[in-house]
Amino acid sequence: MTVQMQSATMAPAAGFLRKVLLADAATGIISAVGQTMLTGEFVRLTGMPSGLLFMSGLALYPIAAFMAWTALRTPLMPAAVWIIILGNVGWALASLALLLVPTLVPTPAAAVLVAAQAAAVAMFAIFEWVGLKRSK
């Protein structure tokens, strides 16, 4: 009976973590498609280098696939979730570092886009960490 009760209490936490991972994967794919398929529009909007936008978008495809794969595994693999959390923290910090390079982030629109993206990625890292802690 104790095992069933533990399993029942862990299920909602694991469900929360899975949903957060899938939302992270979905936003990653949306960003990847936008940055790779609409690079020119992003360049016109932000003035950022097309190579940076395209390559960062290209990098998001396998990242998002790994997030989705992790979310759909049963049971969840804590090591894979930690890789995602640390990757998100790294991506957010790297994005903030871009704000210090005027040639890479040359306009206010670019700065807003980069800062908002960094905040969103950091938020996912926090939610994934909370979900992982609750699912243990």
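These numbers were taken from a predicted model, which means no experiment stands behind them.
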Completion exercise
Heavy atoms of Val89 and Ala125 approach each other most closely as CG2-CB, 4.0 Å
Per-pair distances, 0.1 Å, donor-acceptor, side chain in residues 58-82, under 3.5 Å, sequence neighbours excluded:
from	atom 1	to	atom 2	distance (Å)
Tyr61	OH	Thr36	OG1	2.8
Thr70	OG1	Phe66	O	2.8

Handout entry: Leu22-Ile84 co-clustered via ILVMFWY side chain contacts under 4.5 Å
Key = no
Practice task
Using the rule that two of Ile, Leu, Val, Met, Phe, Trp, Tyr join whenever any of their side-chain heavy atoms come within less than 4.5 Å, decide whether Leu98 and Leu96 are in one cluster.
Solution key: yes
Completion exercise
Here the pair of heavy atoms bringing Ala118 nearest to Ala92 is O-CB, 3.6 Å
Exercise for the section: Answer yes or no: is there a donor N or O on one side and an acceptor on the other, between the side chain of Gln35 and the main chain of Leu53, under 3.5 Å? Expected result: yes
Problem - Ile29 with Met55, same ILVMFWY side-chain cluster at under 4.5 Å - result: yes
Practice task
Would you please name every residue forming a side chain to side chain donor-acceptor pair (under 3.5 Å) with Thr39, sequence neighbours left out?
Solution key: none
Problem - Residue pairs, two or more places apart or on separate chains, that pass side-chain hydrogen bond (donor to acceptor under 3.5 Å, both in side chains) and touch residues 98-110 - result: none
Completion exercise
Rounded to the nearest 0.5 Å, the OG atom of Ser50 sits from the CZ atom of Phe42 at a distance of 13.0 Å
Completion exercise
Students should find that the hydrophobic cluster of Val112, defined by side-chain heavy atoms under 4.5 Å apart, otherwise consists of none
Exercise for the section: Check the surroundings of atom CE in Met123: do more than 12 heavy atoms from other residues, nucleotides or ligands lie under 6.0 Å from it? Expected result: yes
Exercise for the section: Can you sort out the partners of Ala111 under side chain to side chain contact (heavy atoms under 4.5 Å, CB included), two or more places apart, ordered by chain and number? Expected result: Leu99, Val105
Fill in the blank from the handout: Hits for side chain to side chain donor-acceptor pair (under 3.5 Å) against Asp24, two or more places apart or cross-chain, chain-then-number order -> Asn88
Problem - Sequence neighbours excluded - salt bridge (Lys or Arg N to Asp or Glu O under 4.0 Å) pairs with any residue from residues 42-63 - result: Glu41-Arg44
Practice task
Output the distance between atom CZ (Phe54) and atom CE (Met48), rounded to the nearest 0.5 Å.
Solution key: 15.0 Å
Problem - Inter- and intrachain pairs under salt bridge (Lys or Arg N to Asp or Glu O under 4.0 Å), touching residues 76-105, at least two apart - result: none
Exercise for the section: Starting from the C-alpha separation in whole Å, work towards a yes-or-no answer on side chain to side chain contact (heavy atoms under 4.5 Å, CB included) for Phe124 and Thr27. Expected result: CA-CA 10 Å; Phe124 275 119; Thr27 59; 3.5 Å; yes
Problem - Hydrophobic cluster membership, Ile85 vs Leu21, 4.5 Å side-chain cutoff - result: yes
Problem - Sequence neighbours excluded - side-chain hydrogen bond (donor to acceptor under 3.5 Å, both in side chains) pairs with any residue from residues 89-100 - result: Ser95-Gln117
Exercise for the section: Measure across Gly47 and Pro106 and return the closest heavy-atom pair with its distance rounded to 0.1 Å. Expected result: O-CG, 3.2 Å
Exercise for the section: Check the hydrophobic clustering (I, L, V, M, F, W, Y; side-chain heavy atoms under 4.5 Å; chains of links allowed) and say if Leu93 and Val101 are grouped together. Expected result: no
